[in-house]
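The block underneath contains the structure these notes are about, expressed in structure tokens.
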Amino acid sequence: MAKEITEREDNYSLWYNNLVVKSGLAENSAVRGCMVIKPYGYAIWEKMQAQLDKMFKESGHSNAYFPLFIPKSFLSKEAEHIDGFAKECAVVTHHRLMSNPDGSGVVVDPDAKLEEELIVRPTSETIIWSSYKNWIKSYRDLPLLLNQWANVVRWEMRTRLFLRTTEFLWQEGHTAHATRQEAIEEAEMMVHLYEEFAKEYMALPVVVGRKSAGERFAGAVDTYSIEALMQDGKALQAGTSHFLGQNFAKAFDVQFTTKEGKLEYVWATSWGVSTRLMGALVMAHSDNNGLVLPPKLAPIHVVMVPIFKGEEELKRVVEKMEILKLELKERGVVAKIDDRDNLRSGFKFAEWELKGVPVRVVLGPKDLQNGTVEIARRDTLTKEQRVFEGVEEYIPQLLDEIQKSIYNKALSYREANSYSVDDYATFKEKVEEGGFIYAHWDGTAETEEQIKIETKATIRCIPMEDKVEEGRCIYSGKPSQGRVIFAKAY
RNA sequence: CGGGGUGUGGCGCAGUUGGCUAGCGCACCUGCUUUGGGAGCAGGGGGUCCUCCGUUCGAGUCGGAGUACCCCGACCA
């Protein structure tokens with residue numbers, strides 16, 4: 001069933017229409033591949049932001065903000081870094097417009113050409129490290145643990161809603177440390193923080209691992225990531241954390257004096273997650289009726305739909321709902337009463353299901369008489385009749401139950417679509433079917449590349465809890481020490 | 001950047017060999033009846049048919065150029 005969903009164009013819009021306007025500003029090439037995030041979609045992002053921000057601060061980080069524009073010369077200081085991003089940069093060359101001499105609109109004023117072009121940040125390592133140079137002089141200034149919430153622009157050849165938009169919102173952490181060991185620990189801690197966030201809040205099971213050299217971030221010594229499996233069998237990199245070694249410190253000449261009075265380069269990390277997480281959330285859980293949101297990230301937990309004939313009845317039902325709404329509020333549950341009188345209840349049910357609201361409460365005249373209420377779950381689409389008394393206690397429990405249930409469903413899907421494979425023929429078969437494929441790899445870039453060319457599968461990661469297991473490379477037959485995860489990726 | 005496709009009210013589309021006043025469904029507005037799984041009837045509003053150039057008595061329809069978007073590859077969080 002899951003495969004049908006993502007292959008059907010109308011389901012794509014079924015899932016996304018409540019959250020964003022897809023490439024809404026046509027006729028303007030400058031907004032190619034961008035998206036307008038609607039209030040309901042943005043509310044989900046805000047909930048993610050709030051939780052992540054809290055977790056960052058609890059682990060000792062602070063927020064800061066750096067400029068959107070990066071002088072071209074900054075970007076070119078780290079060789080690998082610029083290699084990785086040069087092909088996808090938006091460049092500002094002028095700072096003024098003027099009326100077109102022929103009277104038709106405005107044109108770029110040729111006199112307003114910038115001496116040095118500015119790059120719209122594709123990521124902020126360079127501009128941040130040019131500041132760190134001035135901020136870090138002594139071991140007492142370390143570690144420096146900063147994060148920034150920002151937008152970035154990457155002019156990708158091909159865009160895809162949520163997963164690869166030209167402009168996207170994200171957070172990027174940039175830390176500086178006195179020792180190699182401490183920086184590695186930071187990078188690992190952050191990838192595990194992302195793992196916890198995905199599991200606990202997004203109800204999304206992820207695999208934590210290390211990237212192969214070929215998949216590593218431009219300028220990193222080591223890249224860690226969380227990898228999730230979507231319902232169509234494709235893998236999605238949902239967050240990354242990089243150990244940058246001393247590459248940026250050397251490129252920007254950031255040295256500090258140690259306790260012993262020696263001059264040393266600092267060690268760095270960077271890590272980030274983006275609005276891609278919203279894509280992951282949607283693609284991992286949603287069904288043919290629309291979005292399925294985990295309660296911990298749902299902007300609205302409970303929607304209450306009144307059943308009524310005439311204004312009098314509506315008033316009586318809504319009165320009771322208002323009381324329940326307040327009782328739920330005290331328990332941290334956000335409820336919405338849908339008292340629109342121009343729509344039938346069936347329409348409302350369908351509409352709120354599209355939006356993924358976890359719990360629906362239906363109350364009508366019969367319930368008022370019998371002291372009952374109908375409670376429906378979005379994740380299982382089941383309904384139950386309950387005694388009204390005590391629902392304010394029941395609903396928070398139900399929300400917890402739904403959160404767990406969504407996670408477990410996603411987990412069993414992943415487990416049902418994870419395979420250990422030992423021969424290349426089966427490997428190719430499984431790649432076609434989709435899912436995570438655990439296989440032995442000889443560790444060479446050549447093999448990785450050949451497999452990619454032949455099957456389109458890439459090494460998603462080398463899992464962290466790598467059990468040492470003797471084996472032979474699926475492709476070359478050379479000895480291997482453990483399995484890595486292959487999959488087709490977005 | 002290669003290959004394919006599509007541009008017609010807010011959304012989804014029809015309009016087939018050029019022809020009369022450019023249609024349909026959904027949405028929207030008004031009224032009445034409805035409301036326990038996407039309501040019914042009646043009335044109403046809303047269009048530079050992507051742009052420019054050309055062919056023609058006449059172009060949504062034919063030709064050329066441009067442009068935007070979508071899908072598939074290479075690239076990527």
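Chain identifiers are assigned alphabetically (A, B, ...) following the order of the sequence lines, protein sequences preceding nucleic acid strands; residue numbering begins at 1 within each chain. For clarity, every value in this text was computed on a predicted model and none was experimentally measured. All heavy atoms count here, side chains included; hydrogens, waters and symmetry mates do not.
Here B:rG37 presents its P atom at 15 Å from CG of A:L343, a figure rounded to the nearest Å. In this structure, A:Y490 places its OH atom 19 Å from C1' of B:rA74, rounding to the nearest Å. Separating the NZ atom of A:K488 from the P atom of B:rC72 is a distance of 11 Å, rounded to the nearest angstrom. The interatomic distance linking A:E313 (CD) with B:rU35 (P) rounds to 10 Å, in whole Å. Rounded to whole Å, atom P of B:rC76 lies 16 Å from atom NZ of A:K234.
Comparing the C1' positions of B:rC71 and B:rA27 gives an interatomic distance of 28 Å, to the nearest angstrom. Here, B:rC26 and B:rA42 have their P atoms 12 Å apart, quoted to the whole Å. Distance check on atom P: B:rU61 versus B:rC50 gives 8 Å, rounded to whole Å. B:rG38 and B:rA74 have their C1' atoms separated by 44 Å, with the value rounded to a whole Å. Comparing the C1' positions of B:rU16 and B:rG10 gives a spacing of 28 Å, expressed to the nearest Å. For the P atoms, the distance linking B:rG46 with B:rA59 amounts to 25 Å, nearest Å. A gap of 12 Å separates the C1' atoms of B:rG23 and B:rG47, to the nearest Å.
Under the Watson-Crick and G-U wobble criteria, each requiring two contacts below 3.5 Å, nucleotide B:rG45 is left unpaired. B:rC26: Watson-Crick or G-U partner is B:rG10, with both key distances under 3.5 Å. For B:rU17, there is no paired nucleotide, since no Watson-Crick or G-U wobble pair has both relevant distances below 3.5 Å. In this structure, B:rG36 makes no Watson-Crick or G-U wobble pair, since no nucleotide meets both defining distances under 3.5 angstrom. Remark: B:rG2 base-pairs with B:rC72. Criterion, Watson-Crick or G-U wobble with two distances under 3.5 Å.
Base engagement by A:R360 is indicated by at least one non-hydrogen atom pair under 4.0 Å involving a base atom.
Checking B:rU34, B:rC76, B:rG38 against the side-chain heavy atoms of A:R344 singles out B:rU34 as nearest. In the set B:rU35, B:rC76, B:rG37, B:rC76 carries the atom at the smallest distance from any side-chain atom of A:R154. Distance from the side chain of A:F347 is smallest for B:rG38 among the nucleotides B:rG73, B:rG38, B:rC76. Of the candidate nucleotides B:rG37, B:rG38, B:rU35, B:rG37 has the atom nearest to the side chain of A:K383.
Residues A:K348 and A:R344 have side chains not in contact (no heavy-atom distance under 4.5 Å, counting atoms from C-beta outward). Proximity of A:Y424 to A:Y475: side-chain heavy atoms (C-beta onward) are separated by under 4.5 Å at one or more points. No side-chain heavy atom of A:Y438 sits less than 4.5 Å from a side-chain heavy atom of A:V484.
With hydrogens and angles ignored, a donor-acceptor pair under 3.5 angstrom links the side chain of A:E353 to the base of B:rG37.
Mapping A:G239 and A:K309 onto RNA chain B via the closest heavy atom, the residue that lands nearer the 5' end is A:K309. Where A:K452 and A:A350 each meet RNA chain B at their nearest nucleotide, the meeting point lying more 5' is that of A:A350.
Heavy atoms of other residues, nucleotides or ligands lying less than 6.0 angstrom from NZ of A:K320 number more than 12. A 6.0 Å sphere centred on CD of A:E389 holds no more than 12 heavy atoms belonging to other residues, nucleotides or ligands.
In this model, the phosphate group of B:rG36 is approached by a side-chain N or O of A:S345 to a distance below 4.0 Å at OP1 or OP2.
Classification of A:E117 and A:K72 as a salt-bridged pair holds, one side-chain N sitting under 4.0 Å from a carboxylate O.
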